[in-house]
Amino acid sequence: MSQVRVRFAPSPTGYLHIGGVRTALFNWLYARRHHGAFILRIEDTDQSRSTEEAITAILEGMRWVGLDWDEGPYRQTDRMELYREHALRLFKAGQAYWCVCTAEELEERRKEALAKGLQPRYDGRCRERGIANPTGDAALRFRAPQEGQTVIEDLVKGRVVFDNAVLDDLIILRSNGYPTYNFSVVVDDALMGITHVVRGDDHLTNTPRQVPIFQALGFQVPQFGHLSMILGSDKARLSKRHGATSILAYRDMGYLPEAMLNYLVRLGWSFGDQEVFSLQEMIERFSFDNVQKSSAVFNPEKLLWLNAQYIKQSEPKRVAEQLQPFLERAGVGAEAAGKSGEWMERLVLAFRERSQTLEEMAQAAIPYLRSDIQMDEAAAKKFLTPAIAPLLERLADRFAAVPDFDKEGLEAAFKNVIAEAGIKMGELAQPVRVALTGRTASPGLFEVIDLLGRDGTLERLRRAVSRAQRA
RNA sequence: GUCCCCAUCGUCUAGCCUGGCCUAGGACGCCGGCCUUUCAAGCCGGCAACACGGGUUCGAAUCCCGUUGGGGACACCA
């Protein structure tokens, strides 16, 4: 059996969206599963819509999620001679002809047909003109089969049959010399030896247009697999109005790349009841046999849950590294840089179970990095009262007396104070929490103290005492 | 309009190909409880679906036909 060769072929007309990443992922998984090659190809033949920035964003997105490619990135604009050469070959063989209908005329006829409720296909008026050497602007059209059927044995949809009567003679070479999509894909997929064309099912109806071109060119027809679309909550195709769709936007919101891939792979694919998959597991288990035919609605809550799972399970050291840019954006980059790696890991350990994103973790970490804390006024009013002040002061004194400020000593000191005062743990814990963090919610008190250290803890406690006395 | 694809809890899905094991399983979310110094996490429990109508069959979520609904395509875009 020949080697598997698959490709991801985005057009650089915008950022890399998550639907594209899922298509890339399925291709990549299939390649890795079968020890084949995953090829990246940029389809930039639309000069007016393709941009360098988009190409950069696509590569950046692919690298971020870790979908590495074995060949490419190829750019179609670097391969123009190839398309022209094969298009002309078709012309010489009588399988393509020059068309001098103008774009305006075509557009008019198209609208007319649509208005009449007919399929807006090219009427073939240049088909028999036999123009050999067009003088002005002319496009080259493929002479598509008019009879019979084109049958596709799709890897995910199964057998799909199209009547060739619905096909029209599509333009393969524009009058500006550039190839059109349906032609350049065929030439590239054939020349690059692509064995399985796996793409979105918005391309399903392009397939019967492409198959005859493969055949006319004398190329072997690859296998096709059409993946269902990702929909928004209103069941319409996922787009900007449903929220963020750019993969890099998710990076910037604090999602982990492995969580993104795990979420995306489960959108349309499953392996029994398993929800969490390492990359290795995905590779070992992936198969088109259990790829869903129907489209899937994008569910941000489940993504968030998966992200939280990954944050919890990842190596604290790695999470700490990935957290850096978020700390910088939160304005505490310098403070974080002053901390040891070991301290940063303790920070991650304290917050990994209460952060769904890295952004959330960075926000939660602010009071532990800055010396001046932002006090929640409502919380202060409720918990830092004159009545509690003497207890806080006593606690600060006892804490100060704990020899190496270790957890056991601190806990004993804390318990002594509440026992002496005859109050419950929570009655002192909340005021202390507010005193130390400025907030009513935080990790365990002794974890907080551990992060703050002796000086930070005592200073905040004392400051809270004077504030409480004045309240 | 024409062609193509699709249809199980709100959502992602298992089951469907190879009918009975389905009183339809899991996950997210939601609700309740446990744990608890707060917030989380974790654990336990609950609500919730075979789109509809015909067949075929002893028996249909599973096979067939139709209806309805949703999506996609129909460019000198990709």
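Since the structure is predicted, the reported quantities are computational estimates derived from the model, not experimental observations. Computed from heavy atoms alone, side chains included, the values below leave out hydrogens, waters and symmetry copies. Sequence lines set the chain letters: A, B, ... in the order given, protein chains first and strands last, and positions in each chain run from 1.
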Using the side-chain heavy atoms of [X], tell me which of these nucleotides is nearest: [options].
{"X": "A:Trp305", "options": "B:G29, B:U37, B:A78", "answer": "B:G29"}
{"X": "A:Arg237", "options": "B:G29, B:C76, B:A73", "answer": "B:A73"}
{"X": "A:Lys312", "options": "B:G71, B:C76, B:G42", "answer": "B:G42"}
{"X": "A:Phe446", "options": "B:G29, B:U37, B:A78", "answer": "B:U37"}
{"X": "A:Ile171", "options": "B:U37, B:C76, B:A78", "answer": "B:C76"}

Determine the interatomic distance between C1' on B:G10 and the same-named atom on B:A51; round to the nearest Å.
-> 15 Å
Pairwise C1' distance, B:A7 and B:C50 [rounded to whole Å] = 10 Å
Only pairs with both distances under 3.5 Å count, Watson-Crick or wobble alike; so what is the partner of [N] in this structure?
{"N": "B:C52", "result": "B:G66"}
{"N": "B:C58", "result": "B:G20"}
{"N": "B:C34", "result": "B:G42"}
{"N": "B:A73", "result": "B:U2"}
{"N": "B:A14", "result": "none"}

Take the protein atom [atom1] of [X] and the nucleotide atom [atom2] of [N], then report the distance between them rounded to whole Å.
{"X": "A:Leu227", "N": "B:C6", "atom1": "CG", "atom2": "P", "answer": "13 Å"}
{"X": "A:Asp168", "N": "B:A73", "atom1": "CG", "atom2": "C1'", "answer": "12 Å"}
{"X": "A:Leu349", "N": "B:C39", "atom1": "CG", "atom2": "P", "answer": "21 Å"}

Is there side-chain contact between A:Ile18 and A:Met260, with at least one heavy-atom pair below 4.5 Å?
-> yes
Please work out if A:Arg110 contacts a base, only the sugar-phosphate, or nothing of the nucleic acid, heavy-atom cut-off 4.0 Å.
-> sugar-phosphate
A:His242 side chain to A:Ser239 main-chain N or O, any donor-acceptor pair under 3.5 Å?
-> yes
Between the protein and nucleotides 11-17 of chain B, which nitrogen or oxygen pairs come in under 3.5 angstrom?
unit_1: B:U11; atom_1: OP1; unit_2: A:Lys235; atom_2: NZ; d: 3.1
unit_1: B:C12; atom_1: OP1; unit_2: A:Val297; atom_2: N; d: 2.8
unit_1: B:C12; atom_1: O2'; unit_2: A:Arg266; atom_2: O; d: 2.9
unit_1: B:C12; atom_1: O2; unit_2: A:Lys302; atom_2: NZ; d: 3.4
unit_1: B:U13; atom_1: OP1; unit_2: A:Gly268; atom_2: N; d: 2.4
unit_1: B:U13; atom_1: O3'; unit_2: A:Ser270; atom_2: OG; d: 3.1
unit_1: B:A14; atom_1: OP1; unit_2: A:Ser270; atom_2: OG; d: 2.7
unit_1: B:A14; atom_1: OP2; unit_2: A:Gln292; atom_2: OE1; d: 2.8

Can you name the salt bridge (charged side-chain N to carboxylate O under 4.0 Å, His left out) partners of A:Glu112, sequence neighbours left out?
-> none
Hey, can you pull the residues of residues 199-210 of chain A with a non-hydrogen atom under 4.0 angstrom from RNA chain B?
-> A:Asp201, A:Asp202, A:His203, A:Leu204, A:Thr205, A:Asn206
